[in-house]
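What follows is one structure encoded as structure tokens, with my remarks underneath.
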2 protein chains.
Amino acid sequence: MSGTVGEQLLTPGEVAALFRVDPKTVTRWATAGRIGSIRTPGGHRRFRESEVKALLAELTTEAEPATE
Amino acid sequence: MSGTVGEQLLTPGEVAALFRVDPKTVTRWATAGRIGSIRTPGGHRRFRESEVKALLAELTTEAEPATE
DNA sequence: GGGAACTCGGGTAATTAGGGTG
DNA sequence: TGTGTCCTAATTACCCGAGTTC
């Protein structure tokens with residue numbers, strides 16, 4: 001088998017668990033274009049693990065005395 | 001005769017891994033006519049790599065670079 | 001010839017999508 | 001503005017046993 005495993009995809013429920021939010025909220029992020037999404041022929045969404053983790057790391061940048 | 005010979009065929013499990021769905025779901029897509037399928041003499045399904053990748057790219061939506 | 005892994009088929013439970021509301 | 005919860009409809013995931021593929 002060859003090999004490009006490609007990219008790991010996550011379900012809305014998986015992403016929601018990572019962010020501690022409802023799957024509905026994750027869906028809204030995709031609708032708002034704030035996160036890339038892959039739709040199945042049936043209409044369900046899948047999210048890229050790399051993008052989710054990157055976005056998650058970005059939000060982890062809190063607790064920083066940002067000089068606004 | 002046949003035209004393109006270098007067409008790679010993918011198994012339901014391969015396609016399922018690309019979409020992060022169950023192999024059974026891929027079978028339903030073929031049954032619903034959402035994706036072309038080739039049946040082996042034994043009744044198993046095979047999918048065209050080009051068709052699958054094209055469908056994957058078609059349903060892929062990237063998040064726009066939010067200009068902060 | 002024999003074995004392991006995968007797929008097929010149908011049926012049922014869980015998840016997701018979409019809109020409207022607080 | 002953003003998020004959580006309500007509803008209904010559609011899609012997807014896991015269960016079984018049997019057949020097919022390599």
Side-chain angles (χ1 to χ4, degrees):
Chain A
M1 311 235 250
S2 358
T4 317
V5 194
E7 164 144 40
Q8 184 64 29
L9 298 177
L10 300 176
T11 61
E14 287 287 300
V15 180
L18 291 174
F19 284 91
R20 294 280 190 166
V21 295
D22 281 294
K24 208 68 170 178
T25 302
V26 180
T27 298
R28 284 178 182 148
W29 293 346
T31 305
R34 279 191 270 181
I35 182 174
S37 60
I38 298 176
R39 310 271 299 220
T40 65
H44 286 204
R45 294 186 181 87
R46 297 279 117 97
F47 302 93
R48 300 176 185 275
E49 186 188 42
S50 334
E51 192 165 339
V52 171
K53 294 203 297 189
L55 183 59
L56 192 60
E58 224 175 275
L59 297 179
T60 316
T61 326
E62 57 151 310
E64 192 75 31
T67 314
E68 201 65 28
Chain B
M1 316 296 216
S2 315
T4 315
V5 186
E7 183 63 82
Q8 289 293 332
L9 296 178
L10 300 178
T11 62
E14 286 285 302
V15 180
L18 293 174
F19 282 90
R20 190 56 184 100
V21 294
D22 196 87
K24 199 69 91 210
T25 301
V26 180
T27 299
R28 292 198 188 95
W29 296 344
T31 305
R34 284 170 175 155
I35 182 174
S37 60
I38 301 175
R39 308 272 294 209
T40 64
H44 287 199
R45 295 185 181 83
R46 293 283 117 90
F47 304 92
R48 298 180 182 279
E49 186 185 41
S50 322
E51 177 120 24
V52 173
K53 294 203 296 189
L55 182 61
L56 191 59
E58 180 74 37
L59 299 172
T60 301
T61 305
E62 296 190 34
E64 298 182 28
T67 313
E68 182 87 15

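Just so we're on the same page: letters track the sequence lines, and every chain starts at 1.
In this structure, CG of B:Asp22 is placed 8 Å from C1' of D:dT12, rounded to the nearest angstrom. If you take NZ of B:Lys24 and P of D:dC15, they are 12 Å apart, rounded to a whole angstrom. Distance, A:Ile38 CD1 to D:dT11 P: 20 Å, rounded to whole Å. Following rounding to the nearest Å, A:Arg46 (CZ) and D:dT11 (P) show an atom-to-atom distance of 14 Å. Put simply, CZ on A:Arg39 is 12 Å from P on D:dT11, counting in whole angstrom units. The interatomic distance linking A:His44 (NE2) with D:dA13 (C1') rounds to 11 Å, in whole Å. Whole-Å rounding puts the B:Arg20 CZ to C:dT16 C1' distance at 15 Å. Atom pair B:Glu14:CD and C:dA5:P shows a separation of 17 Å (rounding to whole Å applied).
In this model, the phosphate group of D:dG4 is approached by a side-chain N or O of A:Thr25 to a distance below 4.0 Å at OP1 or OP2. Checking the phosphate oxygens (OP1, OP2) of C:dA17, a side-chain nitrogen or oxygen of A:Thr27 falls inside 4.0 Å. For A:Thr40 and D:dT11, the shortest distance from a side-chain N or O to OP1 or OP2 is not below 4.0 Å. Listed pair A:Thr11 / D:dT12 fails the phosphate criterion, with no side-chain N or O lying under 4.0 Å from OP1 or OP2. Considering only side-chain N and O atoms, B:Arg45 lies under 4.0 angstrom from the phosphate OP1 or OP2 of C:dG9. In terms of phosphate contacts, A:Trp29 brings a side-chain nitrogen or oxygen within less than 4.0 Å of OP1 or OP2 of D:dT3.
Proximity of A:Ile38 to A:Arg45: side-chain heavy atoms (C-beta onward) are nowhere separated by under 4.5 Å. A:Leu10 is not listed as a side-chain neighbour of A:Arg46, based on a closest heavy-atom distance of 4.5 Å or more.
By the 6.0 Å contact criterion, CZ on B:Arg39 is enclosed, its count of non-hydrogen atoms from other residues, nucleotides or ligands being greater than 12.
Interface remark: the B:Arg28 side chain does not form any donor-acceptor pair with the C:dG9 base, using a distance-only criterion of under 3.5 Å.
For B:Pro41, the side-chain atoms get nearest to D:dT21 when compared with the rest of D:dT12, D:dT21, C:dT16.
Counting all heavy atoms, side chain and backbone alike, A:Arg34 lies closest to B:Ala63 at C-CB, 3.9 Å. Taking each heavy atom of B:Leu56 and B:Leu18 in turn, the nearest pair found is CD1-O, 4.2 Å.
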